[in-house]
Enquirer: 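This is the structure, below, for whatever I ask next.
Atoms within a ligand are numbered from 1 in the order they appear, just like the ligands themselves.
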Amino acid sequence: MKISFVNSIEADSKSTCEVHFIYKNKDDFDLSESANILDKNTDGLLSKTLELNKFKGKFLDSFSITSNSLPCHNALFVSVGDPSKLTESQNEKLGGAIFSKLKELGVQNKVSIFVDNMMREHPAVNIALGLKLKEYNFDKYFTKKDKEETAFEVDICRKDVSKEVLENDFAHKQAMADGIEFAKDLISEPSNVLYPVSYAERVKQLESLGLTIKVYGEKELEEMGAGALLAVGQGSARESQMVVMEWMKGKKGDAPSAFVGKGVCFDTGGYSIKPSRGLKDMKYDMGGSAVVVGTMISIAKRNLPINAVGVIGLVENMVSSNAYKPGDVINSMSGQTIEIDNTDAEGRVVLADCLWYTQETYKPKTMINLATLTGAISIALGDQLAGIFSNNDDLSNQLIDAGHKVDEKVWRLPCDPIGERYDKYVDSTIADMHNVGKGGEASSTTAAQFLQRFVNDVPWTHIDIAGVTWNDKGSMTASGGATGWGVKLLNKWVDIISNG
Ligand code: BES
Ligand code: ZN
Ligand code: ZN
């Protein structure tokens with residue numbers, strides 16, 4: 001779908017459908033500027049329809065009119081409620097809802113959407129983002145494509161802001177959408193296609209965006225002492241990998257912001273094997289790493305003047321004669337030893353080496369890791385919020401703030417300093433720590449406490465995205481499946497720390 005921004009619609013434009021907005025004004029309706037003109041030119045066709053249909057005008061309520069008296073015969077009217085209260089994410093939802101309606105109506109060729117200055121929070125660019133995100137579908141494995149594929153182009157018309165400004169603002173949104181879509185592609189891939197080596201190869205291609213990408217295989221990881229990451233992957237016929245993405249376009253010498261992701265391409269649970277129900281979902285256990293890749297893509301495509309590094313640990317957690325076993329004691333890169341109580345608590349073991357490597361190598365100013373780490377986080381927060389755990393109030397408040405702005409909200413849960421309360425849950429009787437706590441109590445916090453032992457006082461936040469990475473139902477701005485949750489959040493967080 002091609003989206004263009006225009007300051008006026010040419011008289012000879014061949015629109016097949018126009019989209020206008022309706023505003024709610026206490027118990028009555030106001031028409032947007034373009035809807036008002038349309039109403040006047042059609043002898044009150046719109047106001048009469050509103051009256052006859054007892055239109056309620058809730059946010060996103062819509063109806064369409066087909067009539068010869070309309071300039072292009074078809075028009076879609078969408079209610080936005082109070083336009084002065086619109087937020088960025090509501091505008092995105094508006095875009096998503098318009099996309100769904102146009103598809104349902106079978107609209108072809110050109111669509112014109114009219115936005116006026118009553119609407120808040122960059123309606124044109126955020127509606128465009130919503131249209132784009134809702135268009136995404138992971139359909140590459142269907143041999144017969146959906147016949148109703150999108151067949152329209154969109155002109156978004158806004159008179160009072162120059163086309164160039166809108167195009168420039170949208171370029172940032174488009175870069176973010178590209179990051180989200182790349183992340184969704186990775187998350188949606190089955191694990192026979194996306195395994196550590198094939199994943200690393202896909203990421204390596206991103207050098208064309210100006211990122212510096214290093215791929216470490218098992219030999220190099222052994223030399224680095226990554227015994228924890230390697231232990232998780234040792235049961236798989238597929239070689240484990242660690243991939244590092246650098247974007248150093250900020251001030252020379254400034255410490256980078258680091259993003260670290262869990263990339264378990266398939267999690268069988270290992271010898272602490274998972275039940276077969278829902279097992280296929282474990283292809284998306286690399287969701288954290290995909291969000292890191294998506295975020296690095298957005299940063300590069302936005303050409304942001306910042307220093308950032310992304311580190312992902314890619315493994316498969318399998319059952320085989322070579323797999324790690326409950327009771328094993330392994331050496332991590334940090335020098336700390338780990339007793340494996342449960343081979344299904346593997347994500348934290350992979351991240352232990354990734355976090356340690358990142359803080360040792362880059363001395364980052366902050367480190368944010370994302371991981372589909374615990375089933376318990378979805379029991380606590382469902383699919384509405386991700387859990388955050390942090391050793392730093394400023395960093396977690398920035399993420400909470402960013403989450404509110406983009407509607408990818410996070411909720412802070414406990415994480416104690418080393419040696420205190422919950423941290424003691426990870427003490428082992430045979431090694432420096434074990435990889436599970438007290439029989440499932442505070443399971444998500446225990447996982448965070450484990451990770452914290454590898455961050456070495458760097459301001460750090462762990463985001464547990466196990467409940468939000470996949471959503472069968474879909475949303476106003478996404479079809480069902482991988483959500484790419486986190487790319488928007490991290491883009492906004494980067495904006496907040498860059499611009500205050
Ligand atoms: N990958 C899972 C967590 C998960 C569950 C992600 C559901 C997405 C959806 C993780 O590796 C895991 O199995 N965690 C265990 C930890 C337990 C053994 C301490 C869990 O949460 O049950
Ligand atoms: Zn697991
Ligand atoms: Zn896992």
Enquirer: Flag the pair Phe152 / Phe99 as yes when their ring centroid distance falls below 6.0 Å, and as no otherwise.
Expert: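 Judged by ring-centre distance (under 6.0 Å), Phe152 and Phe99 do meet the cut-off.
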
Enquirer: Taking the minimum heavy-atom distance to atom 19 (C) of ligand 1, which of Asn342, Thr343, Val436 ranks first?
Expert: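 Comparing heavy atoms across Asn342, Thr343, Val436, the nearest one to atom 19 (C) of ligand 1 lies in Val436.
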
Enquirer: OG1/Thr343 to NZ/Lys325 distance, rounded to the nearest 0.5 angstrom?
Expert: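 The NZ atom of Lys325 is 10.5 Å from OG1 of Thr343, to the nearest 0.5 Å.
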
Enquirer: Considering only protein heavy atoms, which is closest to atom 16 (C) of ligand 1, and at what distance to one decimal place?
Expert: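 Heavy-atom neighbour on the protein nearest atom 16 (C) of ligand 1: Arg348 NH2, 3.7 Å.
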
Enquirer: Can you list the ligand 1 atoms lying under 4.0 Å from a non-hydrogen atom of Glu346?
Expert: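 Contacts of ligand 1 toward Glu346, numbered from 1: 11 (O).
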
Enquirer: Considering only heavy atoms, does Leu373 approach ligand 1 within less than 4.0 Å through its side chain, its backbone, both, or neither?
Expert: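 Only the backbone of Leu373 comes within reach of ligand 1.
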
Enquirer: Look at atom 2 (C) of ligand 1 and say which protein heavy atom is nearest, naming residue and atom and giving the distance to 0.1 Å.
Expert: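 Result for atom 2 (C) of ligand 1: Asp267 OD2, 3.6 Å.
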
Enquirer: So which of Lys93, Lys173, Lys488 actually passes salt bridge (Lys or Arg N to Asp or Glu O under 4.0 Å) with Glu88?
Expert: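 Per the salt bridge (Lys or Arg N to Asp or Glu O under 4.0 Å) rule, the option paired with Glu88 is Lys173, out of Lys93, Lys173, Lys488.
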
Enquirer: Looking only at N, O or S atoms in Asp267, which is nearest to the Zn ion (ligand 3)?
Expert: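 Nearest N/O/S atom of Asp267: OD2.
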
Enquirer: Considering non-hydrogen atoms of the protein only, which is the closest contact for atom 15 (C) of ligand 1, and what is the distance?
Expert: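 Checking every protein heavy atom, the shortest distance to atom 15 (C) of ligand 1 gives Asp344 O, 4.1 Å.
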
Enquirer: Within 45° of the axis and under 6.0 Å from the centre of the six-membered ring of Trp247, does NZ or CZ of Lys249 qualify?
Expert: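 Yes, Lys249 and Trp247 form such a contact.
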
Enquirer: Is there side-chain contact between Ile156 and Leu131, with at least one heavy-atom pair below 4.5 Å?
Expert: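 Result yes, sub-4.5 Å side-chain heavy-atom pair found.
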
Enquirer: Between Phe454 and Trp356, is the ring centre distance below 6.0 Å?
Expert: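 Distance test on ring centres: not under 6.0 Å, no.
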
Enquirer: Testing Asn317, Asp344, Thr268, Asp281 for side-chain contact (heavy atoms from CB on, under 4.5 Å) with Lys274, which one passes?
Expert: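 Exactly one pass, corresponding to Asp344.
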
Enquirer: Show your working on side-chain contact (heavy atoms from CB on, under 4.5 Å) between Val468 and Ile465 and close with a plain yes or no.
Expert: CA-CA 5 Å; Val468 295; Ile465 56 170; 3.8 Å; yes

Enquirer: Please write down residue, atom name and distance for the protein heavy atom closest to atom 22 (O) of ligand 1.
Expert: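 Sorting protein heavy atoms by distance from atom 22 (O) of ligand 1 puts Gly375 N, 4.4 Å first.
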
Enquirer: Return yes when at least one N/O/S atom of Asp285 is nearer than 2.8 Å to the Zn ion (ligand 2), and no when none is.
Expert: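 For Asp285, the answer is no, given that no N, O or S atom comes within less than 2.8 Å of the Zn ion (ligand 2).
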
Enquirer: Pick one of side chain, backbone, both or neither for how Met286 approaches ligand 1, counting any non-hydrogen atom pair under 4.0 Å.
Expert: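 Looking at Met286 and ligand 1, no heavy atom falls under 4.0 Å.
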
Enquirer: Under the side-chain contact (heavy atoms from CB on, under 4.5 Å) test against Met286, which residue among Leu194, Leu314, Val264 passes?
Expert: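 By the side-chain contact (heavy atoms from CB on, under 4.5 Å) criterion, Met286 pairs with just one of Leu194, Leu314, Val264: Leu194.
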
Enquirer: Measuring to the Zn ion (ligand 3), does Leu373 have an N/O/S atom at a distance below 2.8 Å?
Expert: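 False for Leu373.
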
Enquirer: Tell me which N, O or S atom from Glu346 is the closest to the Zn ion (ligand 3).
Expert: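 Of the nitrogen, oxygen and sulfur atoms in Glu346, the Zn ion (ligand 3) lies nearest to OE2.
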
Enquirer: Using heavy-atom distances only, which candidate in Lys274, Met282, Lys262 approaches atom 8 (C) of ligand 1 most closely?
Expert: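 Of the listed residues, Met282 has the closest heavy atom.
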
Enquirer: Taking 4.0 angstrom as the limit and counting only heavy atoms of Ala466, give me the atoms of ligand 1 inside it, by number and element.
Expert: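 Selected atoms, number and element: 6 (C), 8 (C).
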
Enquirer: Looking at ligand 1, is there an atom of it that comes within less than 4.0 Å of some heavy atom belonging to Tyr284?
Expert: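 Right, Tyr284 reaches ligand 1.
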
Enquirer: Is the Phe259 ring parallel, tilted or perpendicular to the Trp493 ring (thresholds 30°, 60°)?
Expert: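 Plane angle over 60°, so perpendicular.
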
